[in-house]
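Each ligand, and each atom within it, is numbered from 1 in the order the structure gives.
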Amino acid sequence: MLFSKNTYVERRARLRQLVGHGLIVLMGNNESPLNYPANAYKFRQDSSFLYFFGQHRDGLVGVIDADSGAETLLGDEIDIDDIVWYGEVTSVVQMAEECGVAHTAPMAALTEMVAQAQKAGRKVHFLPPYRHETMIRLHDLLGIHPSQQRDAASQELIQAVIQLRLVKSAEEIEELERAAAIGYEMHTTAMRLCRPGVTEAYIGGVLDGIAASHGSMVSFQSIVSMHGEILHGYPSARPLEAGRLLLCDAGAETREHYCSDHTRTTPISGTFTQRQKNIYNIVVDCHDLALTHARPGVRWWDVHYDVCRLMTNRLKDLGLMKGDTEAAVQAGAHALFLPHGLGHAMGMDVHDMEGLGQTFVGYDEETRPSSQFGTASLRFARRLEEGHVVTDEPGIYFIPALIDLWRKEGTNAEFLCFDEIEKYKDFGGIRIEDDVLITKDGCRFLGEKRIPYHVDEVEAFLAARD
Ligand code: GLY
Ligand code: MN
């Protein structure tokens with residue numbers, strides 16, 4: 001367990017207060033088979049379960065009676081067979097004691113607890129499940145078909161969990177700083193390895209290994225590709241080619257599952273060409289803009305749109321866009337180059353709490369999602385508060401299929417200089433990403449050491465490596 005017993009006791013007390021009534025059931029994760037039952041993916045606990053109970057073992061469920069305050073940790077004690085294969089582990093009674101839960105029960109007791117609450121006409125609160133195995137367990141427990149479970153999940157519980165987890169405490173920020181330090185090691189290693197002839201797969205494997213060497217894993221599947229224009233381009237066995245750019249988007253989780261998420265785009269030859277520099281410097285300036293604009297009270301939606309305006313102006317200077325900037329941005333013309341949002345919330349999930357519903361996490365009554373291409377992928381938009389953590393990840397991509405489609409359809413033709421854009425179809429894509437903590441009166445990047453990203457720093461770093 002990462003934090004003191006008191007942290008978990010207080011979190012559950014606040015949750016109980018926010019939900020107000022009924023029985024709260026928080027499902028821990030179970031082992032998930034890879035290719036046969038006994039060969040499982042590396043175990044990953046559910047982040048909300050971890051947030052309220054702090055325990056990493058599979059086979060646990062936490063129940064909080066919001067009316068009486070009674071709390072129970074359910075789980076089956078291990079037997080001698082488990083000990084023979086996996087060794088001694090902490091008992092359920094001990095785990096409950098560690099996180100300040102008064103009662104324990106075997107898993108079979110859950111059915112009766114839920115049935116009694118339902119019989120008494122009390123609400124059973126559960127979060128939307130994202131693993132099929134959890135869906136089956138919920139189906140057995142509540143009789144709700146998996147296809148209905150997202151709608152049937154408790155709005156009160158979803159909103160309460162988001163309210164608590166969205167604002168990071170000082171002790172959580174320390175843990176996020178640890179994740180950022182692993183991210184620094186991963187990305188500076190990738191930059192050191194980035195040379196002609198080395199494969200994307202090799203770099204991807206080293207990144208994964210660094211995260212694993214810290215006792216956990218990557219926070220999402222590492223993106224390592226010379227085709228930076230493919231937003232989630234996974235590493236291939238292709239050797240890196242001189243003159244091209246390598247986009248590397250990767251992060252780590254600490255052992256307690258606090259995440260980092262960084263992207264760097266590195267010239268494989270060690271220096272940028274002038275054409276690469278022209279585009280790269282626009283992305284740098286868009287990335288740095290968030291630092292001067294983001295602070296409590298400002299909407300991330302507005303920071304995103306400030307970035308879109310700056311990008312449009314600079315692309316106009318390069319002869320790739322034209323017309324009135326505001327009109328172009330309102331029409332979504334910039335999304336040809338930036339088809340995603342400026343960032344997403346980050347915490348114990350790299351897209352924090354996305355399983356609870358992205359709109360609930362990133363939006364509020366005042367700020368509603370857009371269905372326009374590009375802005376529809378803005379995962380976070382709400383008014384910022386001290387303690388929010390959000391990624392700042394602008395990019396410029398030249399996606400041949402999208403360019404062809406928009407040209408053919410005439411989409412935003414009054415703002416796009418297609419003849420000039422055609423010349424960039426072999427360019428690839430650039431993204432620069434860091435993780436931003438909203439502070440009392442501004443914001444700062446997480447991570448004590450910056451992974452180089454300004455042109456001169458990157459070229460100096462690459463020139464100095466052995
Ligand atoms: N860094 C990967 C993503 O945000 O989707
Ligand atoms: Mn990201």
At the Mn ion (ligand 2): angle between E393 atom OE2 and E433 atom OE2, to 10 degrees: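 Computed angle, vertex at the Mn ion (ligand 2), rounded to 10 degrees: 80°.
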If I take the Mn ion (ligand 2) as the centre, what angle separates the OD2 atom of D261 from the NE2 atom of H344? Nearest 10 degrees is fine.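 Value, to the nearest 10 degrees: 90°.
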Any carboxylate oxygen within less than 4.0 angstrom of a Lys/Arg side-chain nitrogen, looking at D419 and R407? yes
Taking only heavy atoms of H232 into account, list the atoms of ligand 1 that are under 4.0 Å away from them. 2 (C), 3 (C), 5 (O)
Distance filter under 4.0 Å to F220 heavy atoms, resulting ligand 1 atoms: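 Once the distances to F220 are compared, the set is 1 (N), 2 (C).
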Yes or no: does H340 have any heavy atom under 4.0 Å from an atom of ligand 1? no
Identify which of D249, T391, T263, V350 has a heavy atom lying nearest to atom 1 (N) of ligand 1.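 The nearest heavy atom belongs to D249.
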Backbone or side-chain N/O/S of H351 under 2.8 Å of the Mn ion (ligand 2):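 Looking at H351, which is the residue asked about, there is no N, O or S atom under 2.8 Å from the Mn ion (ligand 2).
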Please determine if R12 forms a cation-pi arrangement with F53, meaning its NZ or CZ atom is less than 6.0 Å from the six-membered ring centre and no more than 45° off the ring axis.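 Yes, R12 lies over the aromatic ring of F53.
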Any non-hydrogen side-chain atom of T391 less than 4.5 Å from a side-chain atom of D434?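 With C-beta onward as the side chain, the pair stays apart.
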Knowing that exactly one of H344, H351, H304, H388 qualifies, which makes a ring pair (Phe, Tyr, Trp, His ring centres under 6.0 Å) with F380? H388
Check E393 against G343 and note the closest heavy-atom contact, atom names and distance. CG-CA, 4.1 Å
For the residue pair F398 and F337, categorise the inter-ring angle as parallel (less than 30°), tilted (30 to 60°) or perpendicular (more than 60°).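 Rings of F398 and F337: perpendicular, over 60°.
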Suppose we measure from atom 3 (C) of ligand 1 to each protein heavy atom; which comes out shortest, and what is that distance?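 Nearest protein contact, heavy atoms only, for atom 3 (C) of ligand 1 is H351 NE2, 3.2 Å.
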